[in-house]
Visitor: 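Got a structure here, written out as structure tokens. Questions coming.
What you see is a predicted model; the values in this text were computed from it and never measured.
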Amino acid sequence: MTVETRPAPKLHRAWPIAGAAFVALLASAGFRAAPGVLIDPLHQEFGWSTATISSAVSVNLVLFGLFAPFAAALMERFGIRRVSATALFVIALGAGGTVFMTASWQLILCWGVLVGLGTGSMAMGFAAMVAARWFVRSRGVVTGVLTAAGATGQLIFLPLIANLAVSSGWRTASLVIAIAALAVVPVVLLVIRDHPADIGTTAYGAPADAEVTRPAPTTGSVRRALSVLRQAARTRTFWLLAVGFAICGATTNGLVGTHFVPAAHDHGMPQTTAASLLALVGVFDVVGTIFSGWLTDRVDPRVLLGVYYALRGLSLALLPQLFTDSVQPSMWAFILFYGLDWVATVPPTVALCVRAFGDAGPIVFGWVFASHQLGAAFAASAAGLVRDQLGNYNVAWYSAAVLAVLASAASLAITRAKKPVPVLAT
């Protein structure tokens, strides 16, 4: 269907929509920042074991990763605005519901299932959908900024949640998260639109003669997500992206995010100092991801991924020699470099998914992101096993370095797409 194009405003509507998406991602990141500072208060009040509380976190992480492609399919069917607003409401429901819980299964339901589904719907697939539909020019920058929103949200909420949990109790902290999520719902409903055609315009940077058309409607979101996976899985590009991103998850969230603090403590560094270093990774991550988005608009994404993974492998190979009982300049250099590289892989990966699979690119990226989470889960367990069996993490660091080099090779082996692979709507 084609509609008449309205005169372009001075500020393209895509920018306010990207801003609203950024705010929504900030809010959704709040509860993902909570587990680390709420485990002890929950243990002290209810007597639940760390394993019991951690099981809720595990459910959350699995759903956060695996629901992303289905959320993207739901956005195709019901619209970005409705799905994201519903996701924020579900996050608020899960966060607020913890205030009334009396049994551990309720923690798993609220913290694990509800918040996992909500944050999974507001994961990187949401960012990819907004960037792909609303931007042609500056798509990489927008992807980088929206990706950085998750890290920024954790930087904002983590100290707030920690202070509230200590001064006012964990229930107050949970309610603040719920209120923050609900407060963003009106912003999403008022500002975000599903497609440029809804307001009679084209994506930012689209050719002047581009038609204003709405995408073909889809039905059956689960079937759509699985159909996209089935068709994408027939291509070499999908598997190379999935393998690379699984290694990305293994070498970031799974290994460094989970085991950096205990590894540093093994060498005599105080846990509080090591935790502060890890927090700094999040600070530099914001800068690195936005800069990576800017580069993605100008440099072949395959080359960027190849360079990012190779440099990450080099840094991980050097890390075992950098641990001491205090923070040396060499460790500061690692934190700076690794933080810049942490999720710099996201903008070029999104760009390659969209180039290779067209309108289905955000759903394909959802599946690629699921591989990221599975890689992270595997590395977290494997590194713990290495530490238990050998008494140190050295083999884990060196193995991760080798894997990063393999991810670099896989990225460079991706064939440049001349035109998107046709993925039929269902």
Side-chain angles (χ1 to χ4, degrees), residues 24-68 70-71 74 83-123 150 153-186 188 253 257-258 261-262 271-272 275 279 373 376-377 380-381 384:
L25 287 165
L26 283 180
S28 69
F31 207 88
R32 286 193 287 116
V37 296
L38 297 187
I39 287 178
D40 284 343
L42 290 173
H43 172 71
Q44 292 173 9
E45 176 167 338
F46 295 102
W48 298 333
S49 67
T50 301
T52 297
I53 300 172
S54 297
S55 65
V57 179
S58 297
V59 171
N60 180 296
L61 289 174
V62 170
L63 290 176
F64 175 71
L66 293 181
F67 194 68
F70 297 100
L74 285 170
V83 172
S84 56
T86 301
L88 288 166
F89 179 79
V90 171
I91 293 171
L93 183 64
T98 60
V99 173
F100 305 102
M101 65 187 179
T102 56
S104 59
W105 68 265
Q106 295 164 348
L107 175 68
I108 295 174
L109 173 63
C110 293
W111 197 348
V113 177
L114 292 179
V115 176
L117 291 174
T119 55
S121 300
M122 298 295 296
Q154 292 186 49
L155 291 173
I156 292 173
F157 277 99
L158 191 55
L160 174 62
I161 294 169
N163 289 330
L164 285 174
V166 171
S167 61
S168 304
W170 66 267
R171 286 181 174 83
T172 300
S174 295
L175 286 175
V176 167
I177 295 169
I179 292 170
L182 286 176
V184 180
V185 172
V188 169
N253 304 73
T258 304
V261 173
Q271 292 189 21
T272 52
Q373 294 302 99
S381 299

Visitor: Looking only at heavy atoms, what is the nearest atom pair of Ala181 and Ala27, with distance?
Guide: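 Closest approach of Ala181 to Ala27, heavy atoms only: CA-CB, 4.2 Å.
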
Visitor: If you compare all heavy atoms of Phe67 against all heavy atoms of Ser121, which two are closest, and at what distance to 0.1 Å?
Guide: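 Where Phe67 meets Ser121 most closely, the heavy atoms are CE2-OG, 3.1 Å.
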
Visitor: By side chain to side chain contact (heavy atoms under 4.5 Å, CB included), which residues pair with Ile108, not counting sequence neighbours?
Guide: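 For Ile108 the side chain to side chain contact (heavy atoms under 4.5 Å, CB included) partners, ignoring immediate neighbours, are Ser55, Ala56, Val59.
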
Visitor: State which residue, out of Leu88, Leu25, Ile91, fulfils the side chain to side chain contact (heavy atoms under 4.5 Å, CB included) condition with Val184.
Guide: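 Exactly one candidate clears the test, Leu88.
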
Visitor: Please determine whether the number of non-hydrogen atoms from other residues, nucleotides or ligands lying under 6.0 Å from atom CZ of Phe89 exceeds 12.
Guide: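 At most 12 heavy atoms, drawn from other residues, nucleotides or ligands, come within 6.0 Å of this atom.
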
Visitor: Using every non-hydrogen atom in the two residues, find where Phe100 and Gln106 come nearest and quote the distance to one decimal.
Guide: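 In this case the closest contact between Phe100 and Gln106 is O-OE1, 4.4 Å.
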
Visitor: Between OG1 of Thr86 and CG of Leu93, what distance do you get to the nearest 0.5 Å?
Guide: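 Reported to 0.5 Å precision, the distance equals 12.0 Å.
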
Visitor: Would you name the heavy atoms of Gly97 and Cys110 that are closest together and state the gap between them?
Guide: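 In terms of heavy atoms, the two residues are closest at C-SG, 3.8 Å.
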
Visitor: Considering the options Thr119, Val115, Val113, which one meets the side chain to side chain contact (heavy atoms under 4.5 Å, CB included) requirement together with Leu117?
Guide: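 Among Thr119, Val115, Val113, the one meeting side chain to side chain contact (heavy atoms under 4.5 Å, CB included) with Leu117 is Val113.
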
Visitor: Pick from Leu164, Val99, Thr98: which one makes a side chain to side chain contact (heavy atoms under 4.5 Å, CB included) with Arg171?
Guide: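 Output: one option passes, namely Val99.
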
Visitor: Which atom names give the shortest non-hydrogen contact between Gln373 and Gly65, and what distance separates them?
Guide: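 Nearest pair, atom of Gln373 first, then Gly65: CG-CA, 3.4 Å.
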
Visitor: If you look at every heavy atom in Leu107 and Leu42, which pair is closest and at what distance?
Guide: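 In terms of heavy atoms, the two residues are closest at CD1-CD1, 4.1 Å.
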
Visitor: Check whether Glu45 reaches the backbone of Pro41 with its side chain - one donor and one acceptor, N or O, closer than 3.5 Å.
Guide: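 Side chain of Glu45 to backbone of Pro41, a donor-acceptor pair under 3.5 Å: no, none is there.
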
Visitor: Can you list every pair that meets salt bridge (charged side-chain N to carboxylate O under 4.0 Å, His left out) and has a residue in residues 159-169, with sequence neighbours left out?
Guide: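 The answer is none; no pair qualifies.
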
Visitor: Quick check for you: to the nearest 0.5 Å, what is the distance between Ser28 atom OG and Ile177 atom CD1?
Guide: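 Atom-to-atom, Ser28:OG and Ile177:CD1 are 11.5 Å apart.
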
